[in-house]
Amino acid sequence: MSNDTSSLATLADVEARLAAGDTFVLNQIAQWCPDCTVRQRPALPAFEAALARGGLPLVSLCVQETRGVYLSEAHAQLSERIGGAGYPRTLLVKEGRPASEDSGLNRVEVMSEPELIAYAEAMIAAL
């Protein structure tokens, strides 16, 4: 995953994966969020590699460019379905179903490389 926004999935991509019952990791970000754009982004390549070892693709989706303003109503609805605001929100989607917040596999603000690698290992173990 590169550090620019061109590598981000579209909402249609994410919705298609959910509808198809895919298993993947969704990383929901906001462009205004320094935790997403400065702190977490440099660790994403190692996270993506750790997930790939377990056969899990990483899909990143931006839902806001301006704080509190969703890109569309559909972005807001998806955000609510997967656990609400809070960025970066990184979660396991198993067979098209987002992990619940109380599962431990739907978390906000996992940013450091060691945390993300441990999180990847927990997601793989949950498959």
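Residues: numbered from 1 along the sequence shown. Both backbone and side-chain heavy atoms feed into the values below; hydrogens, waters and symmetry mates do not.
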Subject >> Ile124: side-chain contact (heavy atoms from CB on, under 4.5 Å) partners, not counting sequence neighbours >> reply: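 Result, side-chain contact (heavy atoms from CB on, under 4.5 Å) vs Ile124: Leu56.
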
Original post:
Where do Leu71 and Leu11 land on the side chain to side chain contact (heavy atoms under 4.5 Å, CB included) test, with the steps shown first?
Top reply: CA-CA 10 Å; Leu71 295 175; Leu11 178 64; over 6 Å; no

**OP:** Would you name the heavy atoms of Ser100 and Ser103 that are closest together and state the gap between them?
**Re:**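 Looks like O-OG, 2.6 Å.
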
Taking [X] for its side chain and [Y] for its backbone only, find out whether a donor-acceptor pair lies under 3.5 Å.
X: Asn106; Y: Leu91; answer: no
X: Gln31; Y: Thr66; answer: no
X: Asp35; Y: Pro88; answer: no

To the nearest 0.5 Å, what is the distance between [atom1] ([X]) and [atom2] ([Y])?
X: Glu80; Y: Tyr70; atom1: CD; atom2: OH; answer: 6.0 Å
X: Cys62; Y: His75; atom1: SG; atom2: NE2; answer: 7.5 Å
X: Gln40; Y: Ser60; atom1: CD; atom2: OG; answer: 7.0 Å
X: Glu15; Y: Arg81; atom1: CD; atom2: CZ; answer: 4.0 Å
X: Arg89; Y: Glu109; atom1: CZ; atom2: CD; answer: 10.0 Å
X: Asp22; Y: Arg97; atom1: CG; atom2: CZ; answer: 13.0 Å

Does [X] reach the side chain of [Y], with side-chain heavy atoms less than 4.5 Å apart?
X: Val14; Y: Gln28; result: no
X: Gln64; Y: Ser79; result: no
X: Val59; Y: Val93; result: no
X: Phe24; Y: Leu18; result: yes

Determine whether [X] and [Y] fall in the same hydrophobic cluster, where Ile, Leu, Val, Met, Phe, Trp and Tyr are linked whenever their side-chain heavy atoms lie under 4.5 Å apart.
X: Trp32; Y: Leu78; result: yes
X: Leu51; Y: Met111; result: no
X: Leu116; Y: Leu105; result: yes
X: Leu127; Y: Phe47; result: yes

Subject >> Of Thr10, Leu26, Leu8, the residue whose pairing with Leu61 passes side-chain contact (heavy atoms from CB on, under 4.5 Å) >> reply: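 Result for side-chain contact (heavy atoms from CB on, under 4.5 Å) with Leu61: Leu26.
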
Subject >> Any pair counted as side-chain hydrogen bond (donor to acceptor under 3.5 Å, both in side chains), so long as it reaches residues 110-127, sequence neighbours left out >> reply: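 Found Ser112-Glu115.
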
